[in-house]
Structure formats: C-alpha cells, structure tokens
Amino acid sequence: MPLKSSPAQPPAATNAVQTLWKAYNDQTPDRLKFIDAFLFFLMLSGVAQFLYCVLITDFPFNAFLAGFSSNVGQFVLAASLRSQVNPENKNEFKEVSPERAFADFALGSIVLHFFVYNFLG
Amino acid sequence: MPEAYPLPSNLSSATVTNTASLLRIVTLALISGAAIASRLFAVINFESIIHEFDPWFNYRATRVLATKGFYEFWNWFDPTAWYPLGRVVGGTVYPGLMATSGVIYNLLHALNLPVDIRNVCVLLAPGFSALTAWATYMFTKEMKDPSAGLLAAAFIGIVPGYISRSVAGSYDNEAIAIFLLMFTFYCWIKALKQGSALFGTVAAVFYFYMVAAWGGYVFITNMIPLHALVLILMGRFSNRLYAAYSSWYAIGTLASMQVPFVGFQPVKTSEHMAALAVFGLLQIVAFAQLVRSHVSSQQFQKLLFIGVVAIGILGAAAFGIMTLKGWIAPWTGRFYSLWDTGYAKKYIPIIASVSEHQPTAWPSFFMDLQFLIFLFPAGVVVCFRQLRDEHLFVIIYAVMASYFAGVMVRLMLTLTPVVCVASAVALSTLLDTYIDPTEPEINDDTVSESGASTASAPAPGANGTSHPTTPKKTKKAVPPPQSTSALGQIIAASRSSNNKPRPKGIFGADTRLMVVFNAMCLLAFFVFHCTWVTSSAYSSPSVVLASTNPDGSQHIIDDFREAYYWLRQNTQEDSVVLSWWDYGYQIAGMADRPTLVDNNTWNNTHIATVGKVMASSEEVAYPILRKHDVQYILVIFGGLLGYSGDDINKFLWMVRIAQGIWPDEVQEPSFFTPRGEYKVDDQASPTMRNSMMYKMSYYRFAELFGGNAATDRVRQQQLPKVGPTLDYVDEAFTSENWIVRIYEVKKEDPLGRDHKSANAFSQGKKRKRTKPAQRRRAIL
C-alpha cells in the first residue's frame with residue numbers, strides 16, 4: 001500500500017521511507033499490488049470528496065455521507081480482502097479461503113452499496 | 001484410566017455425535033417452549049391485552065401500519081398528540097418493532113391466517129424471547145461449548161430480568177431488541193474469531209435492525225469499539241480484528257443513518273464518536289503492521305514514532321476543534337445521567353420522574369436474577385482463565401452492564417443476558433468437572449488432569465435427567481491412546497490441549513453426586529422462583545388491575561378501560577383531554593381522543609404547562625385550559641382503593657417540572673406543610689388544597705364516607721370533613737372504584753361573569769347587594 005500522508009520527515013526518516021518502498025515493491029505479490037492500486041484510488045476519491053465537503057459545501061449532507069462512506073466502506077472491505085488473501089496471513093485466517101474471502105468482499109460490497117444507494121437521496 | 005462410573009463402551013462416535021445434536025435440538029425446542037409459555041401468564045390471568053403505557057402507542061402505530069401500509073406510516077403526522085402541536089410520528093419513532101409486527105401480520109394474512117393485529121402485537125415479545133434463547137445459545141457456544149450454550153438459553157428463557165420486559169402484551173421495543181442485541185454480539189464474536197467480513201456484514205445488518213428498533217443500540221455502538229480497543233491495547237491486534245471491525249463499522253454506521261430518527265447522529269454526536277475513533281485507530285494500526293512487515297524493526301520504530309505523534313496531535317486537534325465549533329454535539333442529558341446519578345434530578349426532572357430511570361434497589365437484583373447473580377462473578381472468573389478474545393468481550397460486557405444496571409432500573413435488561421451467559425459458563429464448568437467420570441491417577445503424570453472436561457453437561461430443567469450417560473458434545477481433538485471407549489476418548493481428549501503437570505480431579509461417585517445434586521437443586525429452585533416472580537410480579541397489564549376477594553377468587557378492577565370507553569362513547573371526537581403525560585398514550589389508544597402531552601416526552605414546556613395547570617388554583621388554571629381548548633381533564637385517584645400509582649403521588653414531579661419553567665408561579669416548598677411533610681389531610685398547605693390536582697382528586701370524596709372521616713387509603717391520612725369545591729370544572733365521570741375521574745371544563749359564562757361568582761350566585765349566596773336569592777340551582 002502506498003504511503004498515506006507521509007508525516008514531516010526529518011532526514012533520518014527519508015531513508016526509512018525509501019527502504020520501505022523498495023521492500024514493498026520487492027515483497028508484495030502482484031495480486032496484492034492490484035488490490036493496493038484499488039485502495040489507492042479509493043483513498044484519492046475519498047480525499048477529493050472530503051475536500052469538496054470541507055472547502056466548498058456539505059449541502060446535501062446525506063449525499064456526501066453516502067459517497068464518502070461508499071469510499072470508506074469499499075476501502076475497508078478491500079483492505080480486509082487484502083489481508084485475507086495475503087499468503088503471509090494464512091495461519092491467521094484458517095477458516096477463510098481466498099475464494100471465500102472474495103465472496104465475503106462481494107457480499108459486503110453489495111450490502112454496502114444498497115445502503116449507499118438508499119442514502120444518496 | 002480409572003473411572004468413577006462405567007460408560008457404555010459400545011457406542012460409535014458417530015452415534016454419540018448424532019444423539020448429542022438431536023438432544024441439543026430437542027432441548028432448544030423445549031427451552032423455546034418454556035420461554036414462550038412462561039410469558040403467557042398475563043394472557044391467561046387477564047386477557048390478550050396490550051400492557052402499560054408505551055406499548056399502547058406502539059400498538060396504535062402498528063395498527064396504522066397494518067391498515068394503511070408502510071408509506072402512510074412513514075409519513076404519518078398525528079395531529080391528535082401534543083395538541084395543538086401534533087407529532088411527526090414517522091420521523092420520531094424507532095420503526096423496527098412496528099415493521100416487524102407489520103411483516104408478520106402481512107405474512108400470516110398472505111397464508112390466509114386472519115390473525116388480528118392485536119394478537120400479533122401481544123404475542124410478539126414471547127415469540128422473540130424464543131429467538132433470544134437461541135441467540136444466547138449461539139453466543140455462549142462461542143464462549144465455551146454447546147452445553148454451556150443450552151444452560152444459557154434455559155436461563156435467558158425464564159429469567160425474570162428479561163421476562164419483566166417481554167411478557168405477552170408488553171409490546172415494547174425491548175421485546176425484539178434483546179434478541180437483536182444478542183445476535184449482533186454473536187455475529188461480532190463470530191466475525192472476530194474467523195476474521196470474516198461476511199459475519200461482519202451480518203453483524204452490521206442486525207445492528208441496523210437494532211438501531212431501527214431501540215434507542216439502546218448505543219450500547220452496541222460503544223461495546224464493540226470498547227472490545228476492539230481493549231484488544232488493541234492488550235497487543236492482540238490481528239487482521240481478523242481489522243476485517244471484523246471495519247466491515248461492521250463501515251456498513252453498520254451507514255446503515256444506522258437510514259433510520260430517520262437517528263439521522264446524522266452517528267457522525268455528529270459524542271455517543272457515537274468512540275466507534276469512529278476506534279475505527280480510525282484500527283486503520284492506523286493496520287497500516288503500521290503492514291509497514292512493519294516490510295522494514296527492519298529499527299527503521300519501523302522511527303516511522304512509528306513520527307506517525308503516532310503526528311496522528312495523535314492531528315486527531316486530538318480535529319476532535320477538539322469540531323466539538324468547539326459544535327459540529328459534534330456534546331453528550332446528551334440522558335447520558336450525563338448515566339455518569340452522575342444526581343444529574344437528571346437537578347437538570348432534567350422529566351427524565352428523573354420516570355420510575356424506570358431510578359437507580360436499582362439491591363433486592364431487585366436478586367428478584368430478577370436469583371442465584372444467577374451469585375454465579376455471575378464465578379463465570380467472569382472462568383472467562384479470565386482462558387481469556388481468549390471472545391472472553392474479553394464477556395468480561396467487558398459484564399463490567400459495563402453491571403455499572404449501568406446499578407444506575408438505572410431499566411438497564412437491568414442489558415445486564416441480564418451477560419449474567420445468563422457468565423452463569424451458564426460457570427455452572428457448566430462445574431458440572432463438567434463433576435460429571436466427568438475420569439478419576440485422577442495418582443503418581444502418574446502422563447494421564448494428567450481431568451480438571452474440567454467439556455464432555456457432558458445437559459441443560460438442566462429442560463432434560464435434567466440424562467446427564468450421566470449422554471454426553472452432548474464431541475471434540476475433534478486427537479484421541480489419546482489410553483482411552484477405553486469412544487466416550488472415554490472424547491472426554492479425555494476434550495481437555496488435552498491444556499497440558500499441565502499436576503493431576504487434579506474428583507475421586508469417587510459420592511462427591512460427584514453431592515455436588516451435582518446440589519446444583520440441580522439450585523436450578524430447580526431457580527425455576528420455581530422464576531415462575532413465581534413472573535406470575536406474581538411481572539404479568540400484570542397495569543391497565544387492568546387484579547385484587548383478591550375474601551373468598552380467594554380474583555377480582556378484576558377495570559376502571560381504566562371503563563373510563564377510556566366512557567370518553568370514547570360520550571365525548572366529541574375532537575375534544576381535547578388533559579391528563580398527566582403518563583396516560584397520554586392510553587388515552588390516544590383506548591379513548592381515541594386528542595391529548596396535550598403523552599409518553600413521548602419531547603416537549604418539556606408543554607408538559608410543564610400541564611404540570612402548572614394541575615399545580616395551580618382554579619382561577620390560574622382556567623385561562624390556560626381555555627387557551628389549549630381543553631374540554632376534559634382526567635386524573636387518576638387511588639385513595640379509595642389504595643392504588644398507589646395515582647396522580648397525587650406523582651404530583652410533586654408535576655410541581656417540579658412546572659417549577660423548572662415557571663419558578664415564580666409554582667414553588668415546590670409551598671406544597672409541603674410547615675414541617676416539611678407532604679400531606680393531604682387538614683394540615684395540608686393552602687397551596688396544596690387550592691391546587692387543581694388536590695381538588696379534582698378529593699372532590700366529593702368525603703361524601704362517600706357518610707358522616708365518618710374520609711380516609712385516603714394510599715397515604716393513610718384523614719381528610720377534612722368538608723371537601724373541596726370546584727367552580728371552573730364539572731365532574732363528568734368517575735369510574736367504579738374512583739381510580740379515574742374525568743372533569744369537564746366549563747365554557748365561559750354566558751353572562752361574562754367568572755365562574756366563581758356565577759356559582760356563588762346560582763347557589764344563592766349573597767353577593768354584596770343583589771336581588772333575593774334565586775331558587776333554581778344550576779343543572780350540573
């Protein structure tokens with residue numbers, strides 16, 4: 001997952017960030033990178049909506065909440081999916097196979113977007 | 001290995017498994033039956049009637065939903081409540097209960113079962129109690145094993161603490177809410193155990209149902225985050241926790257905002273902020289974990305330090321600014337009153353005046369939970385022994401709910417499930433230990449302990465006879481080689497994970513028998529206690545009262561319905577009835593007349609107005625009454641019968657609430673005698689004796705006693721020989737036992753006099769200098 005908001009870095013930390021980025025690129029399977037790309041997109045979209053709400057208007061507040069929660073919800077569901085299919089976590093999720101994880105993800109997303117759609121107004 | 005009593009050795013493990021699961025199902029069915037049956041006392045002793053106060057509104061709303069459909073209900077504006085303001089019912093109600101019974105009603109009608117909506121409403125709570133038993137079973141199964149689950153189900157099925165809110169006819173939100181509470185918790189535990197977003201989603205959906213059903217959903221909103229937070233702080237963060245919590249929170253919060261009455265509160269009020277904060281924290285922790293898996297620990301520490309400091313400062317600043325700017329509403333009064341029990345009394349008398357908001361008295365813990373209250377701490381301790389993630393949940397739940405139950409009587413209801421769960425765990429551990437036939441081997445460490453095998457502990461009460469021979473549960477663990485039979489294997493295997501050096505266990509059959517017999521006795525007494533409490537204390541509809549005749553037969557006192565039907569038959573459909581708010585829903589439901597205030601106490605000023613009318617003299621009250629188009633005043637008077645829940649006993653609350661708005665006109669101290677006593681006899685203070693409430697309660701009361709001194713049976717005081725007189729209102733109706741008295745407010749005098757002088761005139765009293773006294777009396 002790409003870095004969120006990198007906090008103001010003293011020079012010592014820059015090095016760490018570089019190492020992190022390199023390690024991430026080397027160690028992560030392509031599947032997970034694909035999910036990460038989706039996560040990154042969701043985050044950007046969420047930030048855009050949040051900025052719009054703060055800077056311009058929050059007028060249809062329910063619409064904002066629906067859009068924003070759709071992003072957040074999708075983000076956490078995808079992040080859950082990511083951790084469930086991550087081979088490193090295999091012994092943590094004994095009862096959740098990757099297929100089952102994707103089914104969970106799909107169902108969660110459907111329920112989520114049912115409420116999102118209902119809330120858009 | 002030695003055994004205390006022989007086990008059948010010719011059973012295959014498949015037979016054992018099958019028999020156990022069959023027995024479980026049968027036991028659960030029997031428990032459901034017992035749970036439903038014990039709630040039917042009210043119907044059998046009285047009739048199929050809606051109880052108390054709030055259920056009458058729910059019933060009325062459900063009728064609207066059933067007859068007019070969901071959209072009409074959603075947009076329902078009720079002009080008869082809170083006259084002249086009206087009430088937007090669709091947006092100010094938790095619709096879950098009505099929707100549930102509406103669905104059941106329509107389903108039954110679709111199946112060509114023409115069941116009356118009233119019967120659906122009356123029997124909804126018992127029906128859901130069976131589901132609660134099942135949900136508790138599932139929940140406890142996650143904590144220990146199915147045998148503990150069955151015990152917990154049996155407990156919750158008949159425990160008075162839950163029955164008190166779910167007898168047949170008690171058609172209130174709690175009827176379905178406890179089932180939803182337990183089931184949401186079960187889904188949460190399941191989601192946490194498996195790390196499954198599916199169960200997280202299911203938990204969110206049931207959370208949504210709960211939000212739609214009961215204001216107590218805030219309990220879930222804070223319990224689950226608290227559990228998650230404790231897990232994080234204990235260093236038990238896992239990706240399972242992340243998946244479970246995130247999916248629950250993201251979907252659940254969005255879903256909860258669909259309920260109009262809740263609206264944007266989940267993102268705007270402090271009660272919901274804990275969940276959001278934990279959600280944010282989890283994201284950060286999860287991200288940190290991810291980073292840690294990619295970099296060396298030293299670099300990670302650096303990154304972590306910077307990250308935590310930055311995010312902590314940012315988060316605290318954002319929260320502070322938002323609270324300051326008013327984007328996040330501060331805690332509401334109801335919540336302050338949870339922390340500071342004196343708060344409500346000082347600032348919001350209306351909340352304090354509700355009897356179910358009072359702190360719980362000690363005896364009621366025993367009354368509602370009986371021996372479970374002793375087992376409860378033991379169960380919590382047993383949870384500490386294993387301390388898996390889900391045990392932490394029970395521990396936190398136990399601590400929180402115990403506190404809240406001590407603060408408010410009605411929150412006893414949230415304590416009851418956890419008491420049942422914890423006690424079941426404790427009792428089943430005990431039974432496991434003592435029913436397990438394995439005896440410890442001396443001088444042999446390899447065979448090891450038989451501390452608490454989870455083999456066999458059937459639900460007593462339901463099928464309490466079968467425990468020694470039919471273990472209810474098998475474990476998949478590897479059987480140790482030394483066992484003799486399938487059963488023995490299972491039993492030995494069930495605790496082999498817990499390796500320890502010291503052998504412990506029970507010797508001989510006599511000790512076992514003694515302890516098990518003792519436990520069975522406790523359980524039997526519990527059943528008797530529950531049945532007795534349910535039948536005697538919790539099954540009264542309070543709309544219909546019962547007393548016993550000298551010959552022991554039951555005498556039904558039906559004054560309330562008598563009076564409400566009098567109103568329904570004898571008054572105009574739009575005539576406004578003024579009464580204290582307790583009776584608002586009943587008047588609307590049974591008499592179908594507009595009321596000024598009702599049990600949905602949303603407008604304090606309006607209630608204070610009613611309080612002022614009751615507390616002030618006729619001359620002051622009359623203009624208020626006329627301004628509000630009041631035609632009838634209804635007071636509850638128990639003095640003749642000894643019915644203590646009457647209006648004179650509630651009077652001080654009326655005074656206090658009125659004083660909150662008009663401190664100059666209504667003062668509480670002036671209703672007391674100079675010695676500070678609350679009296680209604682001839683020592684009563686003049687303000688008291690001039691108040692509308694006093695006059696309307698005791699009007700013509702003395703006449704009942706002939707020449708003797710009239711006695712108020714509730715307050716045990718002698719009333720003055722000459723009763724109060726009324727000038728501005730006429731007595732319109734008094735019920736058989738004088739419990740309900742209805743007065744008609746007089747219209748303005750046609751000659752423009754005030755009623756006092758008009759009355760004086762018509763009674764022939766001389767007023768300064770006038771014509772000779774008139775012979776005719778005014779027709780009453």
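Side-chain atoms are counted along with the backbone in the values below, which use heavy atoms only and exclude waters and symmetry mates.
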Discussion item. For A:Asn118, which atoms come within 4.5 Å of any heavy atom of chain B: side chain, backbone, both, or neither?
Written reply: both
Worksheet entry | Which atom of A:Leu65 lies closest to which atom of B:Leu254, heavy atoms considered | O-CD1, 4.5 Å
Response to the item:
The interface call for A:Glu88 against chain B, heavy-atom contacts under 4.5 Å, is side chain
Discussion item. Heavy-atom count check: over 12 atoms from other residues, nucleotides or ligands less than 6.0 Å from A:Arg31 CZ?
Written reply: no
Worksheet, complete the sentence: One should read off an interatomic distance between B:Lys193 NZ and A:Lys94 NZ, to the nearest 0.5 angstrom, of 12.0 Å
Response to the item:
d(A:Ser69 OG, B:Met257 CE) to nearest 0.5 Å is 4.5 Å
Item to complete: Among the options A:Val72, A:Leu107, A:Leu112, pick out the one with the most heavy-atom pairs lying under 4.5 Å from chain B.
Response: A:Leu112
Item to complete: Heavy atoms only: give me the nearest B:Ser293-A:Gln27 pair and the separation to one decimal.
Response: O-OE1, 3.6 Å
Worksheet entry | Part of A:Leu77 within contact of chain B (heavy atom distance under 4.5 Å) | side chain
Worksheet entry | Interface moiety of B:Val309 toward chain A, non-hydrogen atoms closer than 4.5 Å | neither
Item to complete: Find the one option among B:Phe279, B:Tyr249, B:Phe208, B:Tyr245 whose heavy-atom pairs under 4.5 Å with chain A are most numerous.
Response: B:Phe208
Worksheet item: Under a 4.5 Å heavy-atom cutoff, which of B:Gly252, B:Ser247, B:Ala286, B:Ser238 has the most pairs with chain A?
Response: B:Ser238
Practice prompt. State whether the number of non-hydrogen atoms from other residues, nucleotides or ligands found under 6.0 Å of A:Phe34 atom CZ is greater than 12.
Written response: no
Discussion item. So for atom CZ, which belongs to B:Phe70, do other residues, nucleotides or ligands contribute more than 12 heavy atoms lying within a distance under 6.0 Å?
Written reply: yes
Worksheet, complete the sentence: So, the part of A:Phe61 with a heavy atom under 4.5 Å from chain B: the answer is both
Worksheet item: Any idea which of A:Ala101, A:Ala106, A:Ser83 has the most non-hydrogen atom pairs under 4.5 angstrom with chain B?
Response: A:Ser83
Worksheet item: Does any non-hydrogen side-chain atom of A:Arg82 lie less than 4.5 Å from one of B:Leu290?
Response: yes
Practice prompt. Working to the nearest 0.5 Å, report the span between CZ of B:Arg240 and CD of A:Glu95.
Written response: 9.5 Å
Item to complete: List the atom of A:Gly108, the atom of B:Ile251, and the distance in Å for their closest heavy-atom pair.
Response: O-CD1, 3.6 Å
Worksheet entry | A:Ala79 portion near chain B, given a 4.5 angstrom heavy-atom threshold | both
Item to complete: Report yes if some heavy atom in the side chain of B:Gln283 is under 4.5 Å from a heavy atom in the side chain of A:Val76; otherwise report no.
Response: yes
Worksheet item: If every non-hydrogen atom of A:Gly73 is compared with every non-hydrogen atom of B:Ala250, which pair is closest and at what distance?
Response: CA-CB, 3.6 Å
Fill in: Option that, when pairs with chain A are counted at under 4.5 Å, heavy atom only, ranks first among B:Thr201, B:Asn239, B:Thr253, B:Leu198
B:Asn239
Worksheet item: Does atom NZ of A:Lys33 have more than 12 heavy-atom neighbours, drawn from other residues, nucleotides or ligands, at distances under 6.0 Å?
Response: yes
Worksheet item: Can you name the nearest heavy-atom pair linking A:Phe93 to B:Gly195, along with the distance?
Response: CE2-O, 3.3 Å
Worksheet item: Hey, mind stepping through A:Asn62 and B:Phe264 against side chain to side chain contact (heavy atoms under 4.5 Å, CB included) and telling me if it holds?
Response: CA-CA 8 Å; A:Asn62 55 332; B:Phe264 297 138; 3.8 Å; yes
Item to complete: Specify the closest pair of heavy atoms between B:Ser196 and A:Arg100, including all atoms of both residues, with the distance to one decimal.
Response: OG-NH2, 3.2 Å
Worksheet entry | Greater than 12 external heavy atoms within 6.0 Å of A:Phe50's CZ | no
